[in-house]
Asker: 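Quick one: structure below, then a few questions.
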Amino acid sequence: MAFRLCLIVGMGLLGACVRQQQQPQYDTVTVVDQLVIDDNSVPIFPKKAALTTDTARRFSIELPKRCEVDWDNQNVVSVVPYEKVEIVRLGVGDALPDDLNVSDYEFKELTVKQALDKLLDGTDISVVEDEALYDKVSGTISAGSLIDAVELITKMGRVYYSYDAQMGELHLTHRGKWLIKMPQNETIIMALLDAMHGADMRNLLVDWKDKTVVFEGNYQTEREVSKIIADIAGKKYMLAWDIDVYRVYPRTDNPIVWMNMLPAFGEKNIRMSIPGVVGRALVVGPEINTKTLQEFLGMQANVVLISQGTFAIPNGWQSRFDIGQCSKEERLETDLIVGATGTYGDFAGREKIDAKIVLRTSNGELSSFNIPSTIGDNYVIVGIPTHSFVTTPETLVSPFAELVVFMSPRVISVVDVKSGDFGGANELIGDALRDFLND
């Protein structure tokens, strides 16, 4: 009996093992929005609007030219030859007949089309408005060629014409297209482009190989560009700034002690201290550069390079550097813009760079500094709290974290090769620099 009981118990255990092995095994699945997600699932994404992707929108041939600074080969004074900047209108069509003359032609309170219809009456040329033109013109042409008469009437009406000789049609429109033949020096090209951007011209097509720019606009656009080109052509100097922007994290719960710069670099290397509404601008000697500044900061804090770049302006003009355009990645400070207005020349009997530096965000001006400095001096803007850029009630950023802007101004001397002032050198160093400053 005992043996039979043990046998029954043993067979029962064996049956339990068999039943356990025969139980079906199930994989773990995830259900998201009533969709079963497993290892073999194909990802399903929501449909996106037909917009340019962010990385494509950010693509720009100019960025490597704007966003890199060779601090090891920086010239505080450069000399470039003067080159003529030429603007040519495109799409003018065929040439008008040059054997037709006009005499004693008077027009009063007529649209451009009406004035030209009257002028061309009796010829095989018809006038076609490619868009509605309402401006009226009045005037008298005592004598001249047909070409000069058409030029005069269209300019008075602020319209452009193109002639199709095969069809015998003179087309009129408010808008035109131009090509600018730029100089070879890329710094001057960047200054011209920045000046045109400042005049709200955005759709500029730049061919960096041919050094040309194509743009479209109306009569006012042409006047603005012509004024920019004429003004820049009359400038003897241009100003440029190379910039490094850092975020500084103190290693302790204490702010950066900026007074330590005096014993670290010596009082002779701290030339000027200029307070702003927020922050302070220090004018320092050339001994304080990006390398020595980072070494000084590294003793008290962690230093992160946020952005780097360069921008140039014609003497007396205004330009700006967008931190976000040249930022290493998206950060709180990428909304910041560094604006600069500067003039190089006589400053109370001394040759100085008289600059105004403005820090602004999309919310308005953050601070500004009027900075007179000599060639070779640098600017260090300190005391701008990182919390100035925080938009949330709370943040993980230390209250002692700061934005530090290092700026190194440069002077570009534009000389006329024909005058003999240009000796072929593109930089001034040593005795040549001293002679330039004393000239």
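These values consider heavy atoms only, across backbone and side chains, with no hydrogens, waters or symmetry-generated copies. All figures in this text were calculated on a predicted structure; none of them were measured in a lab. We're numbering straight along the sequence, starting at 1.
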Asker: Are more than 12 heavy atoms from other residues, nucleotides or ligands located less than 6.0 Å from atom NZ of K177?
Answerer: no
Asker: Determine whether T221 and E224 make a side-chain contact, defined as any pair of heavy atoms from C-beta on separated by less than 4.5 Å.
Answerer: no
Asker: Applying salt bridge (Lys or Arg N to Asp or Glu O under 4.0 Å), can you list everything that pairs with E62, at least two apart in sequence or on another chain?
Answerer: R66
Asker: Take V415 and V79 through the side-chain contact (heavy atoms from CB on, under 4.5 Å) test and state the conclusion after the steps.
Answerer: CA-CA 7 Å; V415 300; V79 179; 3.8 Å; yes
Asker: Can W317 and D194 be counted as having a side-chain donor-acceptor contact under 3.5 angstrom?
Answerer: no
Asker: Looking at every heavy atom in both G93 and S162, which two are closest together, and how far apart are they?
Answerer: N-CB, 4.3 Å
Asker: Where do I313 and W241 land on the side-chain contact (heavy atoms from CB on, under 4.5 Å) test, with the steps shown first?
Answerer: CA-CA 9 Å; I313 59 174; W241 280 269; 3.7 Å; yes
Asker: More than 12 foreign heavy atoms under 6.0 Å from CE of M272: is that the case here?
Answerer: yes
Asker: Is the distance between the ring centroids of F265 and F296 less than 6.0 Å?
Answerer: yes
Asker: Check for a donor-acceptor pair, side chain of N75 on one end and backbone N or O of S78 on the other, with a separation under 3.5 Å.
Answerer: no
Asker: Angle between ring planes, W178 versus F215, binned at 30° and 60°: parallel, tilted or perpendicular?
Answerer: parallel
Asker: Using only atom types and a distance under 3.5 Å, with no angle test, would you say the side chain of S327 pairs donor to acceptor with the backbone of G324?
Answerer: yes
Asker: Under a 3.5 Å distance rule, please check whether T341 uses its side chain to pair with a backbone N or O of K356 as donor and acceptor.
Answerer: no
Asker: Look only at the side chain of S138 and the backbone of E109, and say whether a donor-acceptor pair between them is shorter than 3.5 Å.
Answerer: yes
Asker: If we only count heavy atoms from C-beta on, is the I61 to V206 side-chain gap below 4.5 Å?
Answerer: no
Asker: Under 6.0 Å from the NZ atom of K65, do we count more than 12 heavy atoms belonging to anything else shown?
Answerer: yes
Asker: Is there side-chain contact between F369 and Y379, with at least one heavy-atom pair below 4.5 Å?
Answerer: no
Asker: Going from CD on E86 to NZ on K181, what distance comes out if it is rounded to the nearest 0.5 angstrom?
Answerer: 4.0 Å
Asker: Using a distance-only test with no angle check, is there a side-chain donor-acceptor pair under 3.5 angstrom linking S273 and R280?
Answerer: yes
Asker: Please check if atom NZ in K236 has more than 12 non-hydrogen atoms from other residues, nucleotides or ligands closer than 6.0 Å.
Answerer: no
Asker: Are a donor atom and an acceptor atom from the side chains of E402 and Y246 found within less than 3.5 Å of each other?
Answerer: no
Asker: Mind checking the OG1-CG spacing from T154 to L172? Nearest 0.5 Å is all I need.
Answerer: 8.0 Å
Asker: Side-chain contact test, heavy atoms from C-beta onward, threshold under 4.5 Å: evaluate it for Y161 versus V127 and give yes or no.
Answerer: no
Asker: Output, in order, the C-alpha distance, side-chain angles, deciding distance and verdict of side-chain contact (heavy atoms from CB on, under 4.5 Å) for M238 and V414.
Answerer: CA-CA 7 Å; M238 302 189 76; V414 184; 4.2 Å; yes
Asker: Using a 4.5 Å cut-off on heavy atoms from C-beta on, say whether the side chain of I189 contacts that of W208.
Answerer: yes
Asker: Kindly indicate whether the side chain of T310, heavy atoms from C-beta on, has any atom under 4.5 Å from the side chain of M190.
Answerer: no
Asker: Kindly determine whether L359 and L336 satisfy side-chain contact (heavy atoms from CB on, under 4.5 Å), including the steps that lead there.
Answerer: CA-CA 7 Å; L359 306 181; L336 181 66; 4.0 Å; yes
Asker: Does atom CD of E267 have more than 12 heavy-atom neighbours from other groups under 6.0 Å away?
Answerer: no
Asker: Is it the case that over 12 heavy atoms from other parts of the model lie below 6.0 angstrom from the CZ atom of R223?
Answerer: no
Asker: Would you say the side-chain atoms of S367 pair up with the backbone N or O of G276, donor to acceptor, closer than 3.5 Å?
Answerer: no
Asker: Looking at the rings of F107 and Y105, which for Trp means the six-membered one, are their centres under 6.0 Å apart?
Answerer: yes
Asker: Any donor and acceptor pair, going by atom type alone, linking the side chain of E83 with main-chain N or O of Q184 inside 3.5 Å?
Answerer: yes
Asker: Is there a donor-acceptor pair under 3.5 Å between the side chain of E216 and the backbone N or O of R175?
Answerer: no
Asker: Rounded to the nearest 0.5 Å, what separation is found between the CG atom of D70 and the CG atom of D242?
Answerer: 9.5 Å
Asker: Please say whether more than 12 non-hydrogen atoms of neighbouring residues, nucleotides or ligands are located less than 6.0 Å from CG in D346.
Answerer: yes
Asker: With rounding to the nearest 0.5 Å, note down the distance linking CG in L146 to CD in E151.
Answerer: 10.5 Å
Asker: Rounded to the nearest 0.5 Å, what separates atom CG in N363 from atom CG in D335?
Answerer: 7.0 Å
Asker: Is there a donor-acceptor contact under 3.5 Å from the side chain of D377 to the main chain of V283?
Answerer: no
Asker: For Y344, does its backbone N or O pair with a side-chain atom of N315 as donor and acceptor, under 3.5 Å?
Answerer: yes
Asker: Write down the atom of L192, the atom of P183, and the distance for their closest heavy-atom approach.
Answerer: CD1-CD, 4.0 Å
Asker: For T187 and A312, work out which heavy atoms get closest and say how close.
Answerer: CG2-CB, 3.7 Å
Asker: With a 4.5 Å cut-off on side-chain heavy atoms, are M261 and L282 touching?
Answerer: yes
Asker: Would R158 and D135 pass as an ion pair if we require N to O under 4.0 Å?
Answerer: no
Asker: Distance check, rounded to the nearest 0.5 Å: T111 atom OG1 versus E129 atom CD?
Answerer: 6.0 Å
Asker: Would you call C326 and F321 a side-chain contact if the rule is heavy atoms closer than 4.5 Å?
Answerer: yes
Asker: Under 3.5 Å, is there a donor-acceptor pair between the side chain of N378 and the main chain of F406?
Answerer: no
Asker: Grab the two heavy atoms, one from E169 and one from H171, that are nearest each other, plus how far apart they are.
Answerer: OE1-NE2, 2.9 Å
Asker: Can you name the closest pair of heavy atoms from I412 and V80 and give their distance?
Answerer: CG2-CG2, 3.8 Å
Asker: If you compare all heavy atoms of L332 against all heavy atoms of F389, which two are closest, and at what distance to 0.1 Å?
Answerer: O-CB, 3.7 Å
Asker: Surrounding CG of D210 (heavy atoms of other residues, nucleotides or ligands, distance under 6.0 Å), is the total greater than 12?
Answerer: yes
